[in-house]
Amino acid sequence: MPKLTFLGHACFLLEDEGKETLLFDPFLQENPQAPLPPDQVKADYILLSHAHFDHRGQAYAIARAGKGMIITTADIAEDAAEQGLNSHGLNIGGKFNFPFGWVKCTQALHSAGIAGGVPCGFVVNYSGKNIYFAGDTGLFSDMKLIGELNPLEIALLPIGDNYTMGIDDAVIAASYLQARTVIPYHYNTWPLIAADPQEFKDKVEAKTGSSCVIIAPGKSYSY
Ligand code: NI
Ligand code: MN
């Protein structure tokens, strides 16, 4: 059974018995929500949605220490490779098979944090189930297509507003994606992105067919 652990802000660890471990957007230093320092986190694959400090975080150090592979946009992958790291570049719409399953790179409406780059999200097929990590993004109606093409067990959505969708847009995103379960992130790290996850949960469960699970930093959800 896959286990998803929330490490605060936009960082998730995905693991399953006998499978490779995946880490998303590891911002674990100077992150008031991080339950663990970066040297206590190991992963076989590190997925990076874009290069802002609160997403690329300590990805390079974790990849270097654990000989992990960074899966990210082509521009960040090139930067990582120039620094001697093992990386795999994808671009929007592209999909690739890895030993654990496939990863498809999806669009995100945001800025990239690296010259010439684009931000992205990912649909990841892991242990036979699809999980969508939206990255940092505003709402876009093609989320309908993401949900139609890849029936989703879980959709991870930012709700903190200011830099990404806020609660009401993320509820519309949930209605487009039609995942079985929706999980919020990118909120309450700083006052600028304060949001009430219970308000999000109440609205998702009132207005969509999805259920919503709130994972506190350091806690896990198995599905
Ligand atoms: Ni960002
Ligand atoms: Mn961010």
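One-based numbering, in listed order, for ligands and for the atoms of each. All values below were derived from every heavy atom in this structure, side-chain atoms included, with hydrogens, water molecules and symmetry-related copies excluded.
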Are L13 and Y45 connected in the hydrophobic side-chain network, where two residues link if heavy atoms are under 4.5 Å apart?
no
Among the N, O or S atoms that H52 has, which is closest to the Ni ion (ligand 1)?
ND1
Establish whether L157 and V171 are linked, either directly or via other cluster members, by ILVMFWY side-chain heavy-atom contacts under 4.5 Å.
yes
Side-chain (E20) to main-chain (G101) donor-acceptor, under 3.5 angstrom
no
Work out the angle at the Mn ion (ligand 2) between OD2 of D54 and OD2 of D136, rounded to 10°.
160°
What's the atom name of the N, O or S in H55 nearest to the Mn ion (ligand 2)?
NE2
Which of the N/O/S atoms in H50 sits closest to the Ni ion (ligand 1)?
NE2
Do the two ring centres, one from F96 and one from H88, sit under 6.0 Å apart?
yes
Approximate separation, where rounding is to 0.5 Å, of L152 CG and R180 CZ
11.0 Å
Under 3.5 Å, side chain of R64 to main-chain N/O of G84, donor-acceptor pair present?
no
Out of the N/O/S atoms in D136, what is the name of the one closest to the Ni ion (ligand 1)?
OD2
N, O or S from H186 under 2.8 Å to the Mn ion (ligand 2):
yes
Strictly under 2.8 Å, is the Ni ion (ligand 1) approached by any N, O or S atom of H55?
no
